[in-house]
Amino acid sequence: MSTANKTSKKIVIAIDGFSSCGKSTFAKAIAARLGYIFIDTGAMYRAVTLYALQQGAIRSGIVDEDAVVALLGDVEITFRFNPKRGASDIYVNGDLAEDKIRSIEVSNCVSGVSSIREVREKLVAMQQQMGRDRGVVMDGRDIGTVVFPDAELKIYMTADARVRAERRYAELKAKGDDVTLDEILENVISRDNADMTRTISPLRRADDAVELDNSYMSVEEQMAWFMERYEQVINE
Ligand code: DC
């Protein structure tokens, strides 16, 4: 393939893996490097969860599935690029929700919401629409298996649970959240289990995905690892 064709060839990069693996940070860096659009699909499941909490479809941590399905038609998720973050902020029915969707309350309820078939159908359709022109880096749990099974490059990210809990703890503490490391570790482990054992679209490595364990890798090392694989795919 000629150099001109190589640089203009746009692909879909699917990044799946456990929670708090640094998938979004990695995906965002890749998108900036390649001039691609970055889509954080976890933020979309969090947005529906936030709306369900606000509307009373989740009470005392119990998700009322019928009530969530009933309000799905009213929840409007949009993205708007924020140059300060170098990524898009998520809006729920016009309200900026970027911070609220990361709260421990939303984190504790999101597995229950993301296991509802109708929720997944709506969000998967939106994600496929957003990536229809290729040139996207999408991170989630089912991107390489369900959303874009034909993605040209699939990465399955893993990292030690304690390392992941420490990263998320530092992030939340920096924002002033009152949380403990044990609480975060428990949330990380229970979400891993929920993500891997749910009936619909469970988290699993696609057969053609390459695995990246980033427990002890710097962002620069991860980027070098990625660029090697990217060059291979783009030169095929
Ligand atoms: O990536 P995250 O931790 O922000 O994702 C939040 C939750 O959403 C996670 O517990 C699993 C769910 N999720 C999903 O089921 N499918 C996706 N494609 C992305 C996230």
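Every number for a ligand or one of its atoms is a count from 1 in the order of the listing. These values consider heavy atoms only, across backbone and side chains, with no hydrogens, waters or symmetry-generated copies.
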Practice task
Give the residue and atom name of whichever protein heavy atom lies nearest to atom 8 (O) of ligand 1, and the separation in Å to one decimal.
Solution key: Y45 CB, 3.6 Å
Fill in the blank from the handout: atom 4 (O) of ligand 1 has as its nearest protein heavy atom R46 NE, 2.7 Å
Completion exercise
heavy-atom search around atom 12 (C) of ligand 1 in the protein gives S114 OG, 3.7 Å
Practice task
Take every heavy atom of R120, measure it against each atom of ligand 1, and state whether any distance is under 4.0 Å.
Solution key: yes
Problem - Check ion pair D89-R80 (N to O, under 4.0 angstrom) - result: no
Exercise for the section: Measure R198 to ligand 1 on non-hydrogen atoms and call it side chain, backbone, both or neither using the 4.0 Å cut-off. Expected result: side chain
Exercise for the section: Using distance alone, with no hydrogens and no angle criterion, decide if T180 and D182 have a side-chain donor and acceptor under 3.5 Å apart. Expected result: no
Exercise for the section: List the closest protein heavy-atom neighbour of atom 10 (O) of ligand 1: residue, atom name, distance to the nearest 0.1 Å. Expected result: R191 NH1, 3.2 Å
Handout entry: Nearest-neighbour protein heavy atom for atom 11 (C) of ligand 1, which is reported as residue plus atom name and distance
Key = D195 OD1, 3.3 Å
Fill in the blank from the handout: The closest protein heavy-atom partner of atom 20 (C) of ligand 1 is G42 CA, 3.5 Å
Practice task
Report the nearest protein non-hydrogen atom to atom 18 (N) of ligand 1: residue, atom name, distance rounded to 0.1 Å.
Solution key: D142 OD1, 2.8 Å
Handout entry: Main-chain N/O of A159 paired with R164 side-chain donor or acceptor, under 3.5 Å
Key = yes
Handout entry: Note: E152-R134 ion pair, threshold 4.0 Å (strictly below)
Key = yes
Practice task
Classify the contact between R141 and ligand 1 as side chain, backbone, both or neither, using a heavy-atom distance cut-off of under 4.0 Å.
Solution key: both
Practice task
Report yes or no: does E186 contribute a side-chain atom to a donor-acceptor pair with the main-chain N or O of E183 at less than 3.5 Å?
Solution key: no
Problem - Side-chain heavy-atom pair M157, Q222 within 4.5 angstrom cut-off - result: yes
Exercise for the section: Would you confirm whether K28, through its side chain, and R85, through its main-chain N or O, come within 3.5 Å as a donor-acceptor pair? Expected result: yes
Handout entry: Check: D142 main-chain N/O paired with D16 side-chain donor or acceptor under 3.5 Å
Key = yes
Completion exercise
heavy-atom search around atom 19 (C) of ligand 1 in the protein gives T41 OG1, 3.4 Å
